[in-house]
Chemist: 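Take this structure first; my questions come after.
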Amino acid sequence: MSDKTASNRMWGGRFAAGPSAVMEAINASIGFDRKLYAQDIRGSLAHAAMLAETGIITAEDAARIADGLKAILAEIEAGDFVFEPRLEDIHMNVEARLAALIGPAAGRLHTARSRNDQVALDFRMWVRDELQRTAGALRGLIEVFLARAEEHAATVMPGFTHLQSAQPVTFGHHLMAYVEMFGRDLSRVEAALERLDECPLGAAALAGTGFAIDRHRTAAALGFREPTRNSIDTVSDRDFALDFLSAASICATHLSRLAEEIVVWSTPQFGFVRLSDAFSTGSSIMPQKKNPDAAELIRAKTGRVNGHLVALLTVMKGLPLAYSKDMQEDKEAVFDAAETLDLMLAAMTGMVGDLTVDKAAMKRAAGAGFATATDLADWLVREAGLPFREAHHVTGRAVALAEERGRPLDRLALADLQAIHPAITDDVFSVLSVASSVRSRTSYGGTAPSEVRRQIRGWRKRLKRDARRAKGR
Ligand code: ARG
């Protein structure tokens, strides 16, 4: 038995070619970083042009490099490119192909550059594109919510705390609570875009370079505001990926809370909403069932997105400056989180866009559980001058009576209410219905339909302003 066979037995059967195959398997990133091909080629084109402009390479070599890179881009897009694990990653796959296509000039492309600044650039540009996609998806989601909120600005439903009926609210107001969350998500995405707007190219391995490169030129060519300021930080920084993952995790968490509510609301016991056939599934055995699978999967995929954030934080937390190969593990977390979040946002947009609201069921539930008790107490304070604590006590007795009689507060006889407190008049019935309760809550940010409509108008203005500003950029 040769040594090689012996070691193979130890590695296990998958690696028939011995230890070097294991090394290749753990080392190669081409299986996933091929996703960066467009960014890699774009970065190389800008780098080569700058090298020629600064006289570091000749214009002829730069032209040959550019032609070769464009041919490679076409090959990859046509599906004709052969990605080789032996060549580790996207950077070396492209460079090796460039050498095969244009010969020795290819060797000049990597002047004043390292894979460390190259990967920092490629990945940053990929994350920039994804953040822009996410911002667009969030704007689309917010628009759908605004339309549904407007439609249901006066639709009453129970508002909950502890998932117990608390006070009546409007469905429009509840949806607008999510608009606030998604608006914060959008601002986190915008802040991440703002922060990553610095170009890593030219940091080289970690110390910068002695060649007279022009980093401002490449930064501008690649659509960045300016170059990064510290070459050591540049090759060791993955904050832009963490920014994306944390924004994605918080957004996913918001989507998950709503998904949970939709699961609850769509049960026959609640019956507040009905999902469209397009966003639900049937049961193979129980014909009466309509399952909220999309909502359940949004809830579940949140675990996956949050997991990717924790994974990358954990990869980064023990790394000394500057680059370590550990950082290659950044990509799959981000790619999968991005794909997952895109899908979650699309599913939520579609699901909420066409769910049907059962206003009668919501109204019935809104009036259950003596939900307007606070309105009675407030009336006693306002109209009868009682201190709130005493009003609270009087109301408690009215609720007990209503419970005993088996009817809602607004169906109690005036005489019965007056027996509890003589200051109560007929006027009290104007506040005891669910509709008048929500109508009265006109404080800024409150649930009154008039206030909800005002907030919707405010959001529409904000979105329009953002769109105008984005066009101006
Ligand atoms: N594939 C590597 C990564 O994703 C590229 C950078 C490699 N740099 C190096 N010094 N080995 O991080």
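The shown structure was predicted, so the numbers you read here are calculated from the model rather than taken from an experiment. Whatever order the structure lists them in is the order used to number ligands and atoms, beginning at 1.
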Chemist: Inspect the contact between Asp243 and Arg188 and indicate whether a charged nitrogen and a carboxylate oxygen are less than 4.0 angstrom apart.
Modeler: no
Chemist: For ligand 1, is there an N or O atom under 3.5 Å from any N or O atom of Asp89?
Modeler: yes
Chemist: To which protein heavy atom is atom 4 (O) of ligand 1 closest, and what is the distance rounded to 0.1 Å?
Modeler: Lys331 NZ, 2.6 Å
Chemist: At less than 4.0 angstrom from any non-hydrogen atom of Asn116, what atoms of ligand 1 do you find?
Modeler: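 That gives atoms 8 (N), 9 (C), 10 (N) of ligand 1.
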Chemist: Kindly confirm or rule out an N or O of Tyr323 lying under 3.5 angstrom from an N or O of ligand 1.
Modeler: yes
Chemist: Do Asp185 and Val189 have side chains that approach each other closer than 4.5 Å (heavy atoms only, starting at C-beta)?
Modeler: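 No, their side chains stay 4.5 Å or more apart.
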Chemist: Nearest protein heavy atom to atom 11 (N) of ligand 1, by residue and atom, and its distance?
Modeler: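 Scanning the protein heavy atoms, the shortest distance from atom 11 (N) of ligand 1 goes to Arg115 NH2, 3.6 Å.
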Chemist: Looking at Ser29, which atoms of ligand 1 are within less than 4.0 Å of one of its heavy atoms?
Modeler: 1 (N)
Chemist: What is the closest protein heavy atom to atom 2 (C) of ligand 1, and at what distance does it sit?
Modeler: Gln328 OE1, 3.2 Å
Chemist: So that I can tick it off, tell me whether Lys331 and Glu130 are bridged by a salt bridge, with the cut-off set at under 4.0 angstrom between side-chain N and carboxylate O.
Modeler: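 Looking at Lys331 together with Glu130, the answer is no, because their closest N to O distance does not fall below 4.0 Å.
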Chemist: I'd like to know if Glu88 and Arg115 make a salt bridge, using a cut-off of under 4.0 Å between side-chain N and carboxylate O.
Modeler: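 Salt bridge between Glu88 and Arg115, a charged N being under 4.0 Å from a carboxylate O: yes.
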Chemist: Show the numbers, then the answer: is there a side chain to side chain contact (heavy atoms under 4.5 Å, CB included) between Arg124 and Gln39?
Modeler: CA-CA 9 Å; Arg124 194 182 280 243; Gln39 288 78 10; over 6 Å; no
Chemist: Using ring centroids (six-membered ring only for Trp), state whether Trp126 and Phe335 fall under 6.0 Å.
Modeler: yes
Chemist: What part of Glu88, side chain from CB on, backbone N/CA/C/O, both or neither, has a heavy atom under 4.0 Å from ligand 1?
Modeler: neither
